[in-house]
Amino acid sequence: MNGSKFTNLGVNLFKRCPSNPILTTFDLHYPANAIFNAAAAQVGGETVLLSRVEDLRGISHFNVCRSKNGVSGWATDPQPTLMPDRQGHPEENWGIEDPRVTWLEELGVWAVVYTAYSRRGPQVSLATTTDFRAYERMGSVLPPEDKNAALFPRRFKGDWLILHRPVSSGQDPAIWLSSSPDLKHWSEHTVLMETRRGAWWDAVRIGPCPPPLETRQGWLICYHGVRSTAAGAIYRLGLALLDLDDPWKVIRRSEDWVMGPQEPYERVGDVGNVVFSCGWILDEEMDALRLYYGAADTCMCLATARLSDVLDYLLACPE
């Protein structure tokens with residue numbers, strides 16, 4: 001590292017909201033086991049979280065939560081917003097999980113990329129919406145085993161790009177980049193980032209978190225990394241920066257994690273020692289980045305950072 005004041009300060013970039021958790025099952029209008037891993041979007045004057053809700057059977061669906069300030073006063077849909085379609089889409093038989101949403105200006109829609117789960121394994125599915133009320137399913141777009149997918153908001157050389165995390169026998173789960181002319185048929189599958197074996201915090205597997213965020217310095221990427229310990233797995237968050245015109249090129253990658261489980265609500269839950277994000281929102285005027293994350297696979301939380309600080313930190317990381 002180059003000795004910048006941001007060196008080794010990654011864990012101080014994001015400040016937890018004092019009112020965490022911001023959403024629990026007590027905010028829902030029907031019984032559920034957990035609410036977590038929500039996609040995030042700014043729609044007019046509202047923050048919209050498309051949250052994963054696990055019901056009392058263990059099957060997940062989505063519920064939309066809306067807030068004027070993105071912190072409190074959440075209004076949740078009275079009934080599940082999007083349920084698994086077992087008849088029309090048998091790949092969703094065991095539930096739909098961990099959505100990411102990206103505004104596609106060219107098409108005038110929000111693209112919802114999520115994990116469809118069944119006995120065939122997890123696979124990537126896609127739907128579109130204009131209002132987070134009605135959804136048009138495109139079905140499975142990447143076969144099992146694959147998950148953690150997130151779309152770029154615009155085309156590159158005529159193609160859409162998607163980050164995802166396929167798994168193949170004998171290989172560490174890594175982050176891949178693929179392209180498509182139509183959001184349905186994907187090719188040119190390329191490994192973008194790999195795990196760092198040994199004692200590293202991201203030694204076992206890594207995967208994309210929120211959709212890539214376009215900045216002047218490059219595409220900002222948040223990803224999760226997993227380390228196995230004698231007490232079990234620990235899920236933490238790291239950052240990377242991709243070239244603005246050539247996203248296949250990783251410019252910077254944080255050596256340290258920038259968020260890890262430390263609070264009781266992150267340490268204890270259905271799956272302890274987990275922070276996992278599927279959505280963030282940037283307020284450019286305020287230089288404020290809001291990171292929404294699931295804690296211990298049980299509740300929804302919020303952390304904030306200055307985008308300028310995040311980029312300064314990353315640019316001080318190794319090339």
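Scope of the values below: all heavy atoms of this structure, side chains included, with no hydrogens, waters or symmetry mates. In this text the structure is predicted, and so the values were computed from the model without any measurement.
Remark: the backbone N or O of Trp176 is not paired with any side-chain donor or acceptor of Arg165 at under 3.5 angstrom. At least one donor-acceptor pair under 3.5 Å links the side chain of Thr102 to the backbone N or O of Leu151. Formation of a donor-acceptor pair under 3.5 Å by the Trp94 side chain with backbone atoms of Glu91 is not found in this model. Panel note: side chain Ser308, backbone Arg306; no donor-acceptor pair is recorded below 3.5 Å. At distances below 3.5 Å, at least one donor-acceptor pair connects side-chain atoms of Ser118 with backbone N or O atoms of Arg120. Side-chain N or O atoms of Ser180 include one that pairs as donor or acceptor with a backbone N or O of His185 at under 3.5 Å. A donor-acceptor contact shorter than 3.5 Å links the side chain of Arg100 to the backbone of Cys209. Panel note: side chain Asp283, backbone Ala288; no donor-acceptor pair is recorded below 3.5 Å. A donor-acceptor contact shorter than 3.5 Å is absent between the side chain of Arg252 and the backbone of Leu241. Side-chain atoms of Asp27 come within 3.5 Å of backbone atoms of Thr24 as a donor-acceptor pair (strictly under, hydrogens ignored).
Side-chain heavy atoms closer than 4.5 Å link hydrophobic residues (I, L, V, M, F, W, Y) into clusters, and following such links, possibly through other members, connects Leu239 to Leu315. There is a path of hydrophobic side-chain contacts, each under 4.5 Å, that joins Ile162 to Leu107.
A distance below 6.0 Å separates the ring centres of Trp219 and Phe152. Aromatic rings of Tyr223 and Trp201 (six-membered ring for Trp) have centroids within the 6.0 Å cut-off, being under it. Remark: aromatic rings of Tyr292 and Trp280 are distant, center separation not under 6.0 Å. Under the 6.0 Å cut-off for aromatic ring centres, Tyr135 and His61 do not qualify, their centroids lying 6.0 Å or more apart.
The aromatic rings of Trp248 and Phe156 stand perpendicular to each other, their planes meeting at an angle above 60°, with 30° marking the opposite boundary. Below 30°, between 30° and 60°, or above 60°: for Phe62 and Tyr114 the angle between ring planes is above 60°, a perpendicular geometry.
Within the 4.5 Å cutoff, side-chain heavy atoms of Thr129 are placed close to those of Phe132.
Here the OG1-CG distance, from Thr304 to Leu291, works out to 9.5 Å after rounding to the nearest 0.5 Å.
Looking only at atom types and distance, the side chain of Glu54 has a donor-acceptor partner in the side chain of Asn33 under 3.5 Å away. No hydrogens or angles considered: nothing links the side chains of Asn273 and Tyr235 as a donor-acceptor pair under 3.5 Å. If you check the side chains of Thr195 and Asp172, you find a donor sitting under 3.5 Å from an acceptor.
With a 6.0 Å radius and a threshold of 12 heavy atoms from other residues, nucleotides or ligands, Gln87 has its CD atom at or below the threshold. Around the CD atom of Gln262, the shell of radius 6.0 Å holds more than 12 heavy atoms that belong to other residues, nucleotides or ligands.
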message: With side chain to side chain donor-acceptor pair (under 3.5 Å) as the criterion, how do Ser140 and His89 come out once you've worked through the C-alpha distance, each side chain's angles and the decisive distance to 0.1 Å?
response: CA-CA 8 Å; Ser140 175; His89 294 273; over 6 Å; no
message: Quick one, Arg57 with Asp55, criterion salt bridge (charged side-chain N to carboxylate O under 4.0 Å, His left out). Give me CA distance, side-chain angles, the key distance, then yes/no.
response: CA-CA 5 Å; Arg57 301 170 299 169; Asp55 66 23; 2.7 Å; yes
Verdict with reasoning, Glu266 to Tyr293, per side chain to side chain donor-acceptor pair (under 3.5 Å): CA-CA 10 Å; Glu266 299 162 351; Tyr293 67 97; 2.6 Å; yes
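Gly294 approaches Phe36 most closely through the heavy-atom pair CA-CB, 4.2 Å. When every heavy atom of Cys278 is checked against every heavy atom of Pro99, the shortest pair comes out as CB-O, 3.2 Å.
Sorted by first and then second residue, the pairs that involve residues 201-227 and meet salt bridge (charged side-chain N to carboxylate O under 4.0 Å, His left out), not counting sequence neighbours, are Arg154-Glu214, Arg196-Asp202, Asp202-Arg253.
A salt bridge links Arg137 with Glu92: the distance from a Lys NZ or Arg NE/NH1/NH2 to an Asp or Glu carboxylate oxygen falls below 4.0 Å.
Checked options Arg133, Arg66, His29; the residue passing with Asp77 is Arg66 (criterion: side-chain hydrogen bond (donor to acceptor under 3.5 Å, both in side chains)).
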